[in-house]
Engineer: 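Just passing along the structure, written as structure tokens.
The figures that follow rest on heavy atoms only: side chains count, while hydrogens, waters and symmetry mates do not. Below, chain A is the first sequence line, B the second, and so on; all start at residue 1. The structure displayed is predicted, hence computed values, not measured ones.
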Amino acid sequence: MGRKLDPTRKEKRGPGRKARKQKGAEVELAKFLPLGKPICFDIPVHPSEVECGPIVWPFSATRFLNCLFVCFEDDSEGEEQRSRPSLGQKEEEDTDLQLNVDIDEQFMLPSSEEIQKENILSFTTFVACEPPDNMEVLKDFRNKREEGRARQEYLVLLHQDLVAYYSYSDFLLEKLMEIFPLPELVNFLEANEVPRPMTIRTNTLKTRRRDLAQALINRGVNLDPLGKWSKTGLVIYDSSVPIGATPEYLAGHYMLQGASSFLPIMALAPQENERILDMCCAPGGKTSYIAQLMKNTGVILANDSSAERLRSVVGNLHRLGVTNTVVSNCDGRQFPKLMGGFDRVLLDAPCSGTGVISKDPAVKTNKDEKDVLRCAHLQKELILSAIDSVNAASETGGYIVYCTCSIMVEENEWVVDYALKKRNVRLVPTGLDFGQEGFSRFKDRRFHPSLKSTRRFYPHTHNMDGFFIAKLKKFSNAIPKVQKDEEPAIEPASQEPAPEPTSEPQSKRRKLERSKVAKGKKMQRPASKGSSLQKLGRASKSARPSPRTLGTRPNSRKKHKMHQSGQ
Amino acid sequence: MRPLTEEETRVMFEKLARYIGENMQLLVDRPDGAYCFRLHKDRVYYVSERLLKLAMSVPGDRLVSLGTCFGKFTKSSKFRLHITALDYLAPYAKYKVWVKPGAEQSFLYGNHVLKSGLGRITENTAQYQGVVVYSMADVPLGFGVAAKSTQDCRKVDPMAIVVFHQADVGEYVRHEETLT
């Protein structure tokens with residue numbers, strides 16, 4: 001990990017743009033409020049209060065006002081209802097206000113006692129109001145809880161606070177709360193407010209990193225190597241010239257690329273003279289990295305479904321001097337039909353973008369359940385066609401790398417788990433020695449245990465965009481065909497009956513199949529011309545009693561069919 | 001996608017010869033495998049045979065680009081070199097012009113090279129000879145046409161144009177959408 005990429009060193013310089021905006025809004029709001037209302041901005045700010053700027057809890061105008069009111073409230077007894085002015089204002093009509101007030105008071109009690117004890121001090125305890133307090137309670141719930149309060153109530157309040165403070169949609173925050181333990185969640189949310197460092201990748205087809213660094217330093221750019229794990233990356237701290245328009249950039253000596261985008265290619269590990277497919281290539285950063293690692297040998301098919309975004313792909317590839325690439329504009333789902341037999345496939349699937357909130361804050365509010373599931377469905381279709389396009393018999397390859405810039409389990413582990421069930425693939429280590437393990441179990445879902453070898457990257461732990469990377473090896477020697485209802489690749493010793501991650505059309509299909517089976521008709525599987533080799537290969541597997549409840553059905557059907565064909 | 005016709009080949013090679021002269025031969029006979037020119041949507045692409053095979057299997061209307069784009073045929077069937085061909089022009093260029101660091105930016109914004117920005121120029125460059133423009137650090141920046149011969153360059157005043165601008169790498173940013 002690069003010195004400056006170290007997340008612990010991240011510093012936030014005062015309230016950011018968002019906080020300023022919010023403050024502005026509040027000042028505006030105050031003008032319109034009747035005098036009797038609790039917000040009063042002319043409380044003189046005590047010097048000691050000003051010092052509380054850089055504190056543990058992120059400081060913003062809202063929070064600050066909250067605190068002022070907490071103070072205010074402590075002084076004057078009869079003003080309980082004003083406990084959360086900035087929020088309370090807007091939520092006056094809200095029915096949950098009552099609940100908020102109640103719980104708030106309870107939070108206030110310990111803190112005000114503390115203050116009486118310590119006599120002076122610490123506005124900071126005020127500033128770091130509910131969420132940390134709340135968090136404290138939640139961390140040690142048994143001892144710190146208020147009598148007769150359920151954990152759920154604390155969580156609801158925390159949820160509301162975080163939603164208000166970081167302006168996320170309820171849905172997204174709930175999802176994030178499921179993924180992260182609470183202290184980590186705040187780190188994550190906080191990291192999303194800070195932009196990631198700008199990184200560039202040296203184009204080794206045209207220059208060397210040392211030469212490039214020297215050339216850029218001469219132009220007044222302040223940079224450093226990215227980290228031990230990358231030999232081509234550079235981090236830009238500041239620059240007197242626009243990094244996207246220096247003569248070096250135009251001459252194709254480097255590519256602007258997030259640190260996290262290096263990783264899938266390193267996991268893919270393309271070899272020279274291979275045949276590689278990049279299914280969703282725009283804007284061409286990863287494609288050019290593949291070409292660079294292959295030293296412009298072999299062939300790459302760079303595909304993207306958006307013609308508009310392909311313009312930048314063509315531009316970037318030519319600028320970087322990549323000559324071994326064909327750029328096509330097909331739907332990725334068409335792929336096994338269009339062409340196959342690739343040694344490796346990179347699938348950088350379209351996703352909800354929950355890992356790159358710092359780049360695009362709109363994601364905070366504009367994604368809902370449907371969007372995520374729609375993405376997940378598309379991703380499942382894409383990963384199957386990616387697997388089908390790979391030639392398992394390839395001497396050097398047979399690998400698929402699946403990555404997304406989302407951190408949702410639905411778009412990552414779930415999709416990979418689905419692929420494991422549907423195709424002759426197994427997960428292999430990504431070859432990246434950092435990153436967190438993927439989930440093999442999440443809430444009520446149980447995924448294949450090998451999902452531990454996938455990698456997750458988070459903004460707050462690695463200081464790069466949130467990312468998920470899984471590397472799959474296709475092991476069936478058969479020519480890639482649509483093999484439906486396949487057992488998962490690895491035979492796990494004890495595989496829990498996994499609740500089937502069904503996307504809609506798939507469940508429909510299954511229903512259809514079942515009904516057909518019920519009718520006792522011999523199934524006509526649309527695209528499968530399963531060779532005898534495949535069937536033989538699967539015979540032993542299907543003969544073994546499968547512990548899975550849902551999975552057994554298609555299997556038994558297959559056995560039945562095989563039996564028939566054997567006769 | 002199709003091979004070039006006789007006429008198109010002639011027009012294109014004539015154009016290429018202005019910059020790289022007889023080195024053009026090296027583009028066609030390469031030691032590292034067969035390369036060829038293909039026409040797709042009026043653009044000329046320079047591709048290796050292996051890549052060509054892959055590109056053949058992409059439906060024509062879905063194919064966006066293959067290998068390196070050299071340029072395009074205009075409606076009046078003239079050939080126009082694109083900046084994307086620079087990677088192949090620069091190593092074989094016979095006549096070169098180096099611009100001073102101060103004038104780099106101006107050239108990259110699409111301006112002609114003035115005498116004041118001229119760092120070096122190949123001896124005995126003729127007038128209207130195609131030249132490749134380099135920065136003083138030997139980074140190819142684009143190409144153009146010599147407005148003055150080397151001899152004349154010595155005499156003209158500092159504000160006189162010495163190289164007419166044709167293409168520069170700034171177009172990757174300025175005209176990204178028209179590159180192919």
Engineer: Could you check if a side-chain atom of B/Val173 sits within less than 4.5 angstrom of a side-chain atom of A/Tyr249, using non-hydrogen atoms only?
Structural biologist: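 Heavy-atom side-chain distance check passes, below 4.5 Å.
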Engineer: Should the heavy atoms of other residues, nucleotides or ligands under 6.0 Å from CZ of B/Arg30 be counted, would the total exceed 12?
Structural biologist: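 Counting other residues, nucleotides and ligands, CZ of B/Arg30 exceeds 12 neighbours.
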Engineer: Please report the interatomic distance CG(A/Leu310) to OG(B/Ser65), rounded to the nearest 0.5 Å.
Structural biologist: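 Output value for this atom pair is 9.5 Å.
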Engineer: Heavy atom to heavy atom, less than 4.5 Å: which residues from residues 38-64 of chain B reach chain A?
Structural biologist: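 From residues 38-64 of chain B, the residues near chain A are B/Arg50, B/Leu51, B/Leu54, B/Ala55, B/Ser57, B/Val58, B/Pro59, B/Arg62, B/Leu63, B/Val64.
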Engineer: Can you list every pair that meets salt bridge (Lys or Arg N to Asp or Glu O under 4.0 Å) and has a residue in residues 113-138 of chain B, with sequence neighbours left out?
Structural biologist: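 Counting only pairs at least two positions apart or across chains, the salt bridge (Lys or Arg N to Asp or Glu O under 4.0 Å) contacts touching residues 113-138 of chain B are B/Glu123-B/Arg154.
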Engineer: Nearest 0.5 Å, what's the CD-CZ distance between B/Glu177 and A/Arg311?
Structural biologist: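 Going from CD on B/Glu177 over to CZ on A/Arg311, the span is 7.0 Å.
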Engineer: Out of A/Thr323, A/Val313, A/Leu317, return the one with the most heavy atom pairs under 4.5 angstrom to chain B.
Structural biologist: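 Result: the option with the highest number of such pairs is A/Thr323.
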Engineer: Side chains of A/His318 and B/Thr68: closer than 4.5 Å at any heavy-atom pair?
Structural biologist: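 Yes. Closest side-chain heavy atoms under 4.5 Å.
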Engineer: For each of A/Leu338, A/Thr207, A/Val314, tally heavy-atom pairs with chain B at distances under 4.5 Å, and name the one with the top tally.
Structural biologist: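 Most heavy-atom pairs within the cutoff with chain B belong to A/Val314.
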Engineer: Using a heavy-atom distance cut-off of less than 4.5 Å, which residues of residues 290-304 of chain A contact chain B?
Structural biologist: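 Counting heavy atoms that sit under 4.5 Å from chain B, the residues of residues 290-304 of chain A involved are A/Gly298, A/Val299, A/Ile300, A/Leu301.
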Engineer: Out of A/Arg275, A/Met339, A/Arg319, which one racks up the most heavy-atom pairs below 4.5 Å with chain B?
Structural biologist: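 Highest number of pairs under 4.5 Å: A/Arg319.
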Engineer: To check you understand the geometry: which heavy-atom pair defines the closest contact between A/Leu250 and B/Gly170, and what is its length?
Structural biologist: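 Scanning both residues completely, I find the closest heavy atoms to be CD1-CA, 3.8 Å.
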Engineer: Relative to chain B, which segment of A/Thr325 carries a heavy atom at a distance below 4.5 Å: side chain, backbone, both, or neither?
Structural biologist: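 Backbone of A/Thr325 only, per the 4.5 Å heavy-atom cut-off to chain B.
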Engineer: Which pair of heavy atoms, one from A/Ala251 and one from B/Pro140, lies closest together, and at what distance?
Structural biologist: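 It is CB-O, 4.4 Å.
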Engineer: Highest number of heavy-atom pairs under 4.5 Å with chain B: which of A/Cys330, A/Ser312, A/Gly315, A/Gly321?
Structural biologist: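 Highest number of heavy-atom pairs under 4.5 Å: A/Ser312.
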Engineer: For chain A, which residues of residues 74-107 of chain B have at least one non-hydrogen atom nearer than 4.5 Å to it?
Structural biologist: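 Counting heavy atoms that sit under 4.5 Å from chain A, the residues of residues 74-107 of chain B involved are B/Thr84, B/Asp87, B/Tyr88, B/Glu104, B/Gln105.
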Engineer: Would you find more than 12 non-hydrogen atoms of other residues, nucleotides or ligands less than 6.0 Å from A/Arg208 atom CZ?
Structural biologist: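 Open: at most 12 neighbouring heavy atoms sit under 6.0 Å from CZ of A/Arg208.
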